[in-house]
Amino acid sequence: MSDLKGGLSEAVEAAFAGLGLPAELGRVTASDRPDLADFQSNGALAAAKRVGKNPRELAAAVAEALAGDARLASIEIAGPGFINLKLTDAALGERAQEIANDPRLGAEMVAEPRRVLVDYGGPNVAKPMHVGHLRASIIGESIKRLYRFRGDTVLGDAHFGDWGYQMGLLIGAAMDESPAVRDAVEALNAGETADAAVFNAVTLADLDRLYPEAAAKGKADTDYRDRARKITAGLQDRRAGYFALWQRFRDVTQVALERDFHALGVDFDLWKGESDVEDLIDPMVAELDAKGLLVDDQGARIIRVTREGDKKELPPLLVVSSEGSAMYGTTDLATILDRKRSFDPHLVIYCVDQRQADHFEIVFRAAYLAGYATEGQLNHVGFGTMNGTDGKPFKTREGGVLKLADMIEMTRTKARERLHEAGLGENLSPDEFEDIAGKVAVAALKFADLQNFRGTSYVFDLDRFTSFEGKTGPYLLYQAVRVKSVLRRAAEEGVQPGPIVVAEPAERELVLTLDAFETALAEAYDRQAPNAVAEHAYRLSQAFSKFYAACPILQAEPAIRASRLALATATLAQLERALDVLGIAVPERM
RNA sequence: GCGCCCUUAGCUCAACCGGAUAGAGCACUCGCCUUCUAAGCGAGCGGUUGCAGGUUCGAGUCCUGCAGGGCGCGCCA
């Protein structure tokens with residue numbers, strides 16, 4: 001089964017081939033001029049250039065070859081040589097029926113499913129969650145769902161940043177603050193027994209508070225920095241006190257992260273961290289050395305990754321620092337090795353801020369040199385920053401970093417207000433109302449992000465995102481809920497869906513939009529750009545809304561009523577499916 | 001200094017290998033609820049796609065230069 005675009009492409013490509021022209025030129029796309037046609041092919045223009053003939057003559061010859069096609073109501077040549085195709089109502093009705101009967105709602109599967117790992121770019125133990133993590137999780141979750149829906153086997157890994165210098169800083173700061181913690185750490189480090197329960201007093205709030213202070217001190221004070229480095233090395237040597245305290249940091253952080261991410265409808269398959277590959281590092285370094293990739297430089301051990309033709313000189317990958325510790329890039333490299341051994345992915349997608357592009361380029365090149373992946377298997381899918389209304393990276397009114405949990409709560413509060421304003425949900429139970437407010441909040445946040453191409457930065461404006469008018473998440477939920485309401489009423493009245501017959505302009509438009517699902521999914525998949533799916537969901541909602549306004553469903557005469565009910569059912573299913581790919585859930589009512 | 005990204009309507013953003021008249025939403029103006037959820041629908045207003053060249057039958061899209069903005073550039077992650 002293929003969509004209308006695909007089916008027509010085959011016919012037009014065959015017509016091109018029949019004229020001795022390259023078949024691929026016959027590719028059909030949705031029409032740029034819906035007033036003139038449903039679909040178009042621009043191939044005659046390109047072909048004319050290649051063979052030196054008049055494009056309109058070539059187009060006419062193609063049109064003649066297509067003349068017998070029963071699907072086509074008209075074939076017209078327009079402008080310099082566009083081939084405009086209009087479908088019969090019958091062909092549209094048939095396709096609508098196909099979509100309605102299809103569990104995948106008209107979406108295809110990839111020909112060769114792959115194993116794909118999505119890396120969400122690592123929330124860190126020490127650093128508070130900021131808006132960058134929101135984008136990574138929203139986009140990463142959507143890419144995971146998209147790839148999965150297309151047929152790939154996909155794992156999402158939170159890839160916790162739980163190792164390295166930041167941990168040394170934090171352990172030192174926690175020890176400075178509490179003599180009890182300090183004594184316990186030192187006792188354990190010395191091989192004595194100590195009550196590790198004192199570590200349980202350390203909370204996530206403590207970490208959030210201590211880290212920025214410690215990081216600032218480490219920058220200003222060399223002694224402080226040296227101590228943190230020594231602690232880091234001690235942690236990497238598994239000294240019992242450091243290790244036990246570190247474990248506590250990790251636990252409190254993971255609990256909070258899981259809660260926050262779950263509230264956003266983001267769930268990870270793997271909660272791996274940088275610490276999980278710690279044991280791989282020494283053997284890996286030895287192996288890199290044996291392969292002759294390591295170079296001693298200024299007391300550190302590096303891998304040079306420059307290539308012929310580089311426009312600028314990339315810094316090398318720093319594998320072992322002059323202090324003897326593993327670096328950020330080292331754990332990334334070890335993670336690549338670990339994933340190759342455990343999952344052997346065809347593709348690893350790093351969903352991380354665009355600003356880290358150079359870092360990933362360096363790590364990837366090192367991995368290719370080491371043979372841990374083959375060229376092209378590692379893919380950095382970068383995204384822009386989320387800015388405040390002043391155009392600068394988003395900050396709270398006080399100038400601080402907004403925590404993810406606070407942002408979610410802020411959005412929920414806004415959602416509740418909006419629901420009250422609209423007088424909605426007043427006769428629902430408090431639990432259901434809260435559930436709806438949560439879904440509205442998630443839809444608002446996610447759709448606002450995903451409707452933009454991931455690579456561009458965008459402005460975070462909560463009032464706009466939670467608005468229930470216009471191109472927003474709540475609008476999409478409203479449309480879906482409205483269909484559910486009609487279907488519920490139909491069920492109460494015992495009305496059954498029946499064969500789909502297309503007649504009205506609004507019905508034609510709706511079916512053409514339903515048919516475009518596959519195109520949107522394929523584009524999103526190929527470009528790793530969920531905004532194509534977001535755009536489709538919005539267009540589908542709009543097309544339905546027009547249909548809803550123009551074509552009464554339950555009041556229509558029985559045959560038409562059955563047809564429109566079937567169309568509405570298929571629309572809802574596809575809309576929910578598209579929203580699901582975006583990670584947005586729809587309530588039953590609102 | 002070197003490199004990467006960005007600049008599209010008053011604002012926020014789209015635009016499928018280069019195709020016809022560059023599209024949405026917000027804001028603003030007007031019309032539509034005794035009929036399935038008006039958080040909706042319809043109509044209108046709004047553009048020298050930062051600037052200057054080039055390639056092409058055809059450029060927001062490709063190339064060159066310039067201006068403005070953002071980001072990155074070895075021992076943090």
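To find a chain, count down the sequence lines: A is the first, B the second, and so on, and within it residues start at 1. Just so it is clear, the values below take in all heavy atoms, side chains as well, and ignore hydrogens, waters and symmetry mates.
Taking atom P in both B:C5 and B:G44, the straight-line distance is 39 Å, to the nearest Å. Only the C1' atoms considered, B:A67 is 33 Å distant from B:A20, to the nearest whole Å. Taking atom P on both nucleotides, B:G46 is separated from B:A24 by 15 Å, rounded to a whole Å. Rounded to whole Å, the C1' atom of B:A59 lies 14 Å from the corresponding atom of B:U8. B:A77 and B:U49 have their P atoms separated by 47 Å, given to the nearest Å. The gap from the C1' atom of B:C62 to that of B:G19 amounts to 14 Å, rounded to the nearest Å.
The residue A:Val481 sits close to a base: some heavy atom pair falls under 4.0 Å. Within the 4.0 angstrom heavy-atom criterion, only backbone atoms of the sugar-phosphate kind lie near A:Ser457; the bases stay farther away. Using a 4.0 Å heavy-atom criterion, one finds that A:Tyr548 contacts the bases of the nucleic acid, with or without backbone contacts as well. Looking at heavy-atom distances under 4.0 Å, A:Pro552 makes contact with a base. Counting any heavy atom pair closer than 4.0 Å across all strands shown, A:Glu313 reaches no nucleic acid atom. Among the atoms of the strands shown, none is found under 4.0 Å from any heavy atom of A:Ser325. Among the heavy atoms of the strands lying under 4.0 Å from A:Leu419 is at least one base atom, whether or not backbone atoms are also near. Residue-level contact check: A:Asp461 touches neither bases nor backbone, having no heavy atom under 4.0 Å from any strand. If you check every strand for non-hydrogen atoms under 4.0 Å, A:Asn452 touches sugar and phosphate atoms only. Residue A:Asn84 is classed as a base contact, given a heavy-atom separation below 4.0 Å to a base. Within 4.0 Å of A:Ala532, counting heavy atoms only, lies no atom of the nucleic acid at all. Within the 4.0 angstrom heavy-atom criterion, only backbone atoms of the sugar-phosphate kind lie near A:Ser545; the bases stay farther away. Residue A:Asp35 is in base contact, counting any heavy-atom pair closer than 4.0 Å across all strands shown. Contacts of A:Tyr165 with the nucleic acid, taken as non-hydrogen atoms under 4.0 Å apart, involve only primed sugar atoms and P, OP1 or OP2.
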- [ ] Applying ring-ring contact (aromatic ring centres under 6.0 Å, His included), run through A:Phe249 and A:Tyr211 and close with a yes or a no.
- [x] CA-CA 12 Å; A:Phe249 293 170; A:Tyr211 181 72; over 10 Å; no
Task: Residue pair A:Phe460, A:Phe465: steps toward the ring-ring contact (aromatic ring centres under 6.0 Å, His included) verdict - done: CA-CA 8 Å; A:Phe460 182 83; A:Phe465 296 170; 5.3 Å; yes
Task: A:Arg355 and A:Asp353: CA distance, side-chain angles, deciding distance, salt bridge (Lys or Arg N to Asp or Glu O under 4.0 Å) verdict - done: CA-CA 5 Å; A:Arg355 288 177 289 195; A:Asp353 195 316; 2.8 Å; yes
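At whole-Å resolution of the value, CG in A:Leu317 and C1' in B:A77 are 13 Å apart. Between A:Tyr458 atom OH and B:C5 atom P the separation is 22 Å, expressed in whole Å. Atoms CZ (A:Phe547) and C1' (B:C41) sit 14 Å apart, rounded to a whole Å. Taking atom OH of residue A:Tyr538 and atom P of nucleotide B:C41, one finds them 7 Å apart after rounding to whole Å. One atom, CG of A:Asn42, and another, C1' of B:G19, lie 5 Å apart when rounded to the nearest Å. Note: CD (A:Glu24) to P (B:G18) measures 14 Å, nearest angstrom. Remark: P of B:G69 and CG of A:Asn387 are 15 Å apart, rounded to the nearest angstrom. One atom, CG of A:Leu318, and another, C1' of B:A77, lie 13 Å apart when rounded to the nearest Å.
Residue A:Gln356 places none of its side-chain N or O atoms closer than 4.0 Å to OP1 or OP2 of B:C71. Side-chain N/O atoms of A:Tyr475 include one lying less than 4.0 angstrom from OP1 or OP2 on B:C41. Checking the phosphate oxygens (OP1, OP2) of B:C13, no side-chain nitrogen or oxygen of A:Lys471 falls inside 4.0 Å. Between A:Arg225 and B:C75 there is no side-chain N or O to OP1 or OP2 distance below 4.0 Å. At B:U37, one or more side-chain N or O atoms of A:Ser485 fall inside 4.0 Å of OP1 or OP2 (strictly under the cut-off). For B:A14, the OP1/OP2 oxygens have no side-chain nitrogen or oxygen of A:Arg454 closer than 4.0 Å. Distances shown here put every side-chain N or O of A:Lys312 at or beyond 4.0 Å from the OP1 or OP2 atom of B:C73. Phosphate proximity of B:A14 to A:Thr456: present, with a side-chain N or O under 4.0 Å from OP1 or OP2.
Helical stems of RNA chain B (runs of at least 3 Watson-Crick or G-U pairs, donor-acceptor distances under 3.5 Å) are listed by first residue: B:1-7 with B:67-73, B:10-13 with B:23-26, B:28-32 with B:40-44, B:50-54 with B:62-66.
Applying the 3.5 Å distance criterion, the base of B:C16 shares no donor-acceptor pair with the side chain of A:Asp526. For a distance-only test at 3.5 Å, the side chain of A:Asp310 fails to qualify as a donor-acceptor partner of the base of B:G3. Within 3.5 Å, a donor on the side chain of A:Ser322 pairs with an acceptor on the base of B:C75, or the reverse.
Residue pairs that meet the side chain to side chain donor-acceptor pair (under 3.5 Å) test with at least one member in residues 437-452 of chain A, sequence neighbours left out, are A:Arg135-A:Asp449, A:Asp435-A:Lys439, A:Asp449-A:Tyr458. Applying the side chain to side chain donor-acceptor pair (under 3.5 Å) test to every pair with at least one member in residues 314-324 of chain A, sequence neighbours left out, gives these pairs: A:Ser321-A:Ser325.
Side-chain contact annotation: A:His359 with A:Asp332, donor-acceptor N/O pair under 3.5 Å present. Side-chain contact check for A:Gln479 and A:Arg482: at least one donor-acceptor pair (N or O, by modelled atom type) lies under 3.5 Å. A:Gln356 and A:Tyr328 form a side-chain donor-acceptor contact under 3.5 Å, judged by distance and modelled atom types alone.
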I'd like a table of atom pairs between the protein and nucleotides 29-34 of chain B - only N or O on both sides, under 3.5 Å - with the distance next to each one.
none

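Contact between A:Leu25 and A:Ser41 at its shortest, heavy atoms only, is O-OG, 3.9 Å.
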Without placing hydrogens or testing angles, list every side-chain donor-acceptor pair under 3.5 Å for residues 526-534 of chain A, not counting sequence neighbours.
unit_1: A:Arg527; atom_1: NH1; unit_2: A:Glu523; atom_2: OE2; d: 2.6
unit_1: A:Gln528; atom_1: OE1; unit_2: A:Asn379; atom_2: ND2; d: 3.4
unit_1: A:Gln528; atom_1: NE2; unit_2: A:Tyr147; atom_2: OH; d: 3.2

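Judged by closest nucleotide on RNA chain B, A:Gln555 is the one of A:Gln555 and A:Pro474 placed further toward the 5' end.
Residue A:Phe82 and nucleotide B:A20 are classified as a stacked aromatic pair, their ring centres being separated by less than 5.5 Å at an interplanar angle below 30°.
The ring-ring contact (aromatic ring centres under 6.0 Å, His included) search around A:Tyr165 returns none, not counting sequence neighbours.
The CG atom of A:Leu450 sits 6.5 Å away from the CD1 atom of A:Ile584 when rounded to the nearest 0.5 Å. Separating the CD atom in A:Gln354 from the NE2 atom in A:His380 is a distance of 5.5 Å, to the nearest 0.5 Å.
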